[in-house]
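One structure is given below, encoded as structure tokens.
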Amino acid sequence: MEQLISSKLERELSEVGVTTLRQLLTAGAICTLRRWLQAVVDLKREIPGSFEPEFEPGSDEVRKLRRLYWNDKAFWENFFIETALPAIIRRFVKAPISLTFHAAFLKPAKMGTEVVLHQDQALWKYNYPDAVSVWIALTPAKWDNGCLIGCPKSHTHGAVLHREIPNYPWHRGIDWRIEGLSQPIYYELEPGDALIWHRYFVHGSGPNLSPVPRWGIVMVFLNRMQSDLRTVDRVDF
């Protein structure tokens, strides 16, 4: 893994804006994460407000949970130690890192809604020039249950205009045709696979049309040595 990260995957992230790490997590780690997450999801409307939960419109089904690390530091510290994930991510950021965002993105079977195309930096409160987003699949993520879609090399366009999207309540989005971006493609994953992408990589996900739920966790790691660093949440590695 060390050799691959230092060559092919680093180059792909730089040139395409996104790269895939296959089998980043073991089957045991996936089961542990799923059990932890299931215990929170089962609380439905009783989920503590510290998770800042979002629900599918008109439903008690959870679509998003935030601040995972800060809701159970002992569990997640053990996860980072056992997986050595921070050491892997440092190879991409090329600097000492901090975790600043940690969430679960869930698409319930047959009802999980789409996420419109966007750039992560446009949704962040502060500017993080060297940050990368890490999305780890906990279930199969395929075209029919809402896997990630993205526009290859879109990060080379820099910050792209985000517009209001009709009937989409969550955040502004991008029309890839208007902005002259490459056509979005599917990034399918098996449980334990991960995607790492640039802050300007234009991405989203489709609805879940299948009987298979789509679960994933996402983390944003930044360069903690950047000047004028400001964060809402932060843990250093």
Side-chain angles (χ1 to χ4, degrees), residues 1-2 4-6 9-14 16-21 24-26 29-30 32-33 36-37 40 48-54 64-106 115 118-138 148 150 155 158-159 171 192-203 215-237:
M1 178 62 78
E2 288 288 322
L4 288 175
I5 289 173
S6 64
L9 301 184
E10 284 184 3
R11 185 168 61 252
E12 189 171 41
L13 177 62
S14 175
V16 183
V18 61
T19 191
T20 305
L21 278 65
L24 177 65
L25 299 186
T26 65
I30 296 166
T32 299
L33 292 185
W36 184 91
L37 191 55
V40 180
S50 56
F51 282 97
E52 302 175 14
E54 291 179 5
K64 190 171 184 179
L65 299 167
R66 298 178 176 86
R67 306 190 73 249
L68 304 188
Y69 173 90
W70 292 274
N71 275 280
D72 193 343
K73 292 183 180 180
F75 175 86
W76 290 103
E77 285 172 359
N78 187 63
F79 167 79
F80 288 127
I81 291 171
E82 291 191 351
T83 62
L85 182 61
I88 294 172
I89 301 306
R90 276 195 296 268
R91 300 295 297 271
F92 291 96
V93 177
K94 304 182 187 306
I97 60 172
S98 297
L99 174 71
T100 190
F101 181 81
H102 190 190
F105 291 168
L106 314 174
V115 175
H118 65 282
Q119 295 172 316
D120 284 347
Q121 181 62 75
L123 306 184
W124 297 339
K125 185 175 182 179
Y126 302 116
N127 190 47
Y128 301 134
D130 303 314
V132 295
S133 298
V134 183
W135 199 101
I136 304 176
L138 300 183
L148 189 112
H155 68 304
H171 53 72
D193 293 344
L195 290 168
I196 300 179
W197 63 78
H198 188 280
R199 64 175 178 148
Y200 285 147
F201 177 64
V202 175
H203 64 283
W215 282 17
I217 58 172
V218 66
M219 292 158 277
V220 175
F221 291 93
L222 53 81
N223 175 359
R224 61 182 169 92
M225 304 305 291
Q226 77 171 71
S227 60
D228 302 321
L229 177 61
R230 293 180 291 171
T231 62
V232 175
D233 289 317
R234 174 180 168 184
V235 57
D236 297 338
F237 293 99

Less than 4.5 Å apart, any side-chain heavy atom of L33 and any of W76? yes
I97 side chain near P86 side chain, heavy-atom distance below 4.5 Å
yes
Quiz item: Hey, does the side chain of D130 reach the backbone of K94 with a donor-acceptor pair shorter than 3.5 angstrom?
Solution: no
Residue set satisfying side chain to side chain contact (heavy atoms under 4.5 Å, CB included) with R234, at least two apart, ordered chain then number -> S98, R224, L229, T231, D236
Minimal heavy-atom distance between P48 and P53, with the atoms involved, is O-CD, 3.9 Å
Interatomic distance, CG@L85 vs CZ@F237, rounded to 0.5 Å, equals 8.0 Å
Would you find a donor on one side and an acceptor on the other, under 3.5 Å apart, between the side chain of H155 and the backbone of H198? no
### Task
Spell out, as yes or no, whether a donor-acceptor pair under 3.5 Å connects the side chain of Q226 to the backbone of A131.
no
task: Using the six-membered ring wherever Trp is involved, compare the ring planes of W36 and F75 and label them parallel, tilted or perpendicular (cut-offs 30° and 60°).
output: parallel
Could you go through L37 and L106, starting from their C-alpha distance and side-chain angles, then the distance that decides it, and tell me whether this counts as side-chain contact (heavy atoms from CB on, under 4.5 Å)? CA-CA 10 Å; L37 191 55; L106 314 174; 3.8 Å; yes
Heavy atoms of A194 and L24 approach each other most closely as CB-CD2, 3.6 Å
Original post:
Within the side chain of Q119, is there an N or O that forms a donor-acceptor pair under 3.5 Å with the backbone of R199?
Top reply: no
When rounded to the nearest 0.5 Å, the distance separating CZ of R66 from CZ of F51 is 12.5 Å
ask   = Parallel under 30°, tilted from 30 to 60°, perpendicular over 60°: which one fits the rings of Y69 and F80?
value = tilted
The side chain to side chain contact (heavy atoms under 4.5 Å, CB included) partner of V220 among D233, T100, L99 is T100
Side chain to side chain contact (heavy atoms under 4.5 Å, CB included) filter on D120, not counting sequence neighbours, yields H118, W124, S133, W197, H203
Applying side chain to side chain donor-acceptor pair (under 3.5 Å) to Y200 and not counting sequence neighbours gives none
>> Let's go through V16 and F201 carefully: what are the C-alpha distance in whole Å and the side-chain angles of both, what is the deciding distance for side-chain contact (heavy atoms from CB on, under 4.5 Å) to 0.1 Å, and is it a yes or a no?
In response: CA-CA 9 Å; V16 183; F201 177 64; 5.6 Å; no
*Check step by step if side-chain contact (heavy atoms from CB on, under 4.5 Å) holds for I88 and L21.*
CA-CA 10 Å; I88 294 172; L21 278 65; 3.9 Å; yes
Decide, yes or no, whether a salt bridge links E52 with K64 under the criterion of side-chain N to carboxylate O below 4.0 Å. no
Output for pair (I196 CD1, I136 CD1), nearest 0.5 Å, gives 8.5 Å
May I ask you to test the F92-L9 pair for a side-chain heavy-atom distance under 4.5 Å?
yes
Practice prompt. Report yes if some heavy atom in the side chain of V232 is under 4.5 Å from a heavy atom in the side chain of F101; otherwise report no.
Written response: no
Side chain to side chain contact (heavy atoms under 4.5 Å, CB included) filter on S14, not counting sequence neighbours, yields none
Task: Test item: L25 and F79 side chains (from C-beta on) under 4.5 Å apart, heavy atoms - done: yes
| message | Counting C-beta onward and ignoring hydrogens, is there a side-chain heavy-atom pair between M219 and L68 closer than 4.5 Å? | response | no
CD1 (I89) and CG (L222) are apart, to the nearest 0.5 Å, by 12.0 Å
CG of L65 to CG of N71, rounded to nearest 0.5 Å, is 9.0 Å
Determine whether a donor-acceptor pair (N or O, by modelled atom type, separation under 3.5 Å) exists between the side chain of T20 and the backbone of L195. no
Those residues at least two apart in sequence (or on a different chain) that pass side chain to side chain contact (heavy atoms under 4.5 Å, CB included) with E82 are N78
Side chain to side chain donor-acceptor pair (under 3.5 Å) filter on T19, not counting sequence neighbours, yields E12
